[in-house]
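Below is one structure, written out as structure tokens; comments come after it.
Fair warning: this is a prediction, and the values are worked out from it, not measured in the lab.
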Amino acid sequence: MQPNICAIQKVKGDMAQPQSSSRETGPPQSSDKLPPEILEIIWPALQVGGLSGMSGMLVGGFAGVIRSTTPTLFALASGIQWFTLGTTFWASRGFVIHVWGKDKVGPGEKVSASAIAGGVGGTAGGLLRGRGNVIPGAIVFALFGATGQAIYNWADARNSEVVERGKSGKKNSILNSKWSPMKVLSDSEYENMLREKLLRVNAQIALVNENIEALRAQERQLAAENDQRLNDPKDTSS
């Protein structure tokens with residue numbers, strides 16, 4: 001018994017359907033990109049570390065010249081140490097803040113995060129200089145991190161208060177100081193200054209008008225005296 005055409009087409013359709021479904025439901029393609037949360041921590045840390053490393057190379061070069069040693073090696077070693085310190089500090093700080101809630105972290109918690117990051121960075125920097133520098137480095141840089149964050153929080157809070165009061169912050173404080181040759185005026189003060197200048201101009205105009213009137217009166221008096229001399233009878237009789 002030979003199969004008919006309809007049966008052959010049905011078998012072909014059943015064989016093609018799992019192939020198409022297997023293509024559609026294939027395994028997802030693997031991506032090599034890092035998660036955005038990690039990039040938000042690593043990329044700023046590398047930027048801070050690069051700036052710290054360049055600063056360390058400059059300071060190390062000057063110190064190497066002063067100590068009469070090889071400034072190139074001294075600058076390279078100092079740059080590596082400061083790059084490690086800056087990168088480790090900023091990455092640790094970003095990781096701690098991210099774990100604690102990022103946007104929910106307050107000023108006090110940022111001080112604690114900076115202290116922890118300073119301890120981690122000081123530990124990493126101390127390992128490069130020797131095991132004996134690990135504990136002192138962790139303590140010193142933890143204090144530096146906490147103190148720096150506390151100073152930044154104080155300055156930020158003060159700036160926020162100044163902005164809320166409607167002032168322009170540091171610019172106005174500098175211009176309004178007694179050592180500044182300039183001063184920031186309000187609208188009312190500027191209006192009063194313009195009124196005083198207008199009064200001075202009006203007073204000067206009034207003085208000029210008085211002088212003009214006095215000159216005209218003097219001119220009329222001289223003209224009258226000349227006419228009187230011309231019409232004097234003594235002159236005509238002679």
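- A pairwise comparison of heavy atoms in T87 and G49 identifies OG1-CA, 3.2 Å as the closest pair.
- Using a 3.5 Å distance cut-off with no hydrogens or angles, the side chains of Q149 and N153 do pair a donor with an acceptor.
- Counted within 6.0 Å of CG on L58, heavy atoms from surrounding residues, nucleotides or ligands total more than 12; the atom is thus considered enclosed.
- A donor-acceptor contact shorter than 3.5 Å is absent between the side chain of S92 and the backbone of V120.
- Closest heavy-atom contact between F95 and I41: CA-CD1, 3.9 Å.
- Q81 has its side chain out of reach of T84: every pair of non-hydrogen atoms, C-beta onward, lies at least 4.5 Å apart.
- Between I212 atom CD1 and I205 atom CD1 the span is 10.5 Å, to the nearest 0.5 Å.
- Follow the hydrophobic side-chain contacts under 4.5 Å out from L46 and you never reach W82; the two are in separate clusters.
- Counting all heavy atoms, side chain and backbone alike, S78 lies closest to G56 at OG-O, 2.8 Å.
- E109 places a side-chain N or O within 3.5 Å of a backbone atom of G106 that can act as its donor or acceptor partner.
- Following chains of ILVMFWY side-chain contacts shorter than 4.5 Å, one cannot reach V201 starting from V208, and the two form parts of different hydrophobic clusters.
- Residues W100 and S112 form a side-chain contact, since some pair of their non-hydrogen atoms from C-beta on lies under 4.5 Å apart.
- Under the rule for a side-chain contact (heavy atoms from CB on, under 4.5 Å), R200 has no partner lying at least two apart in sequence or in another chain.
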Decide side-chain contact (heavy atoms from CB on, under 4.5 Å) for I97 and R93; before the verdict, give the C-alpha distance in whole Å, the side-chain angles of both, and the deciding distance to 0.1 Å. CA-CA 6 Å; I97 291 177; R93 182 179 181 274; 3.7 Å; yes
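- Minimum heavy-atom separation, F74 to A63: CE2-CB, 3.7 Å.
- No path of Ile, Leu, Val, Met, Phe, Trp and Tyr side chains, each step under 4.5 Å between heavy atoms, connects V65 with L76, placing them in separate hydrophobic clusters.
- W90 has its side chain within reach of P44: a pair of non-hydrogen atoms, C-beta onward, lies under 4.5 Å apart.
- Pairing each heavy atom of A124 with each of T88, the nearest pair is CB-OG1, 3.9 Å.
- Side-chain atoms of N202 come within 3.5 Å of backbone atoms of L198 as a donor-acceptor pair (strictly under, hydrogens ignored).
- Put simply, CD on E225 and CD on Q228 are 7.5 Å apart, with the number rounded to the nearest 0.5 Å.
- Residue V134 comes nearest to T123 through the heavy atom pair CG1-CG2, 3.6 Å, listed as atom of the first residue, atom of the second, then distance.
- Tracing side-chain contacts under 4.5 Å through hydrophobic residues (I, L, V, M, F, W, Y), one never reaches F144 starting from I139; they form parts of separate clusters.
- Between D156 atom CG and Y152 atom OH the span is 5.0 Å, to the nearest 0.5 Å.
- Rounded to the nearest 0.5 angstrom, N226 CG and R229 CZ are separated by 6.0 Å.
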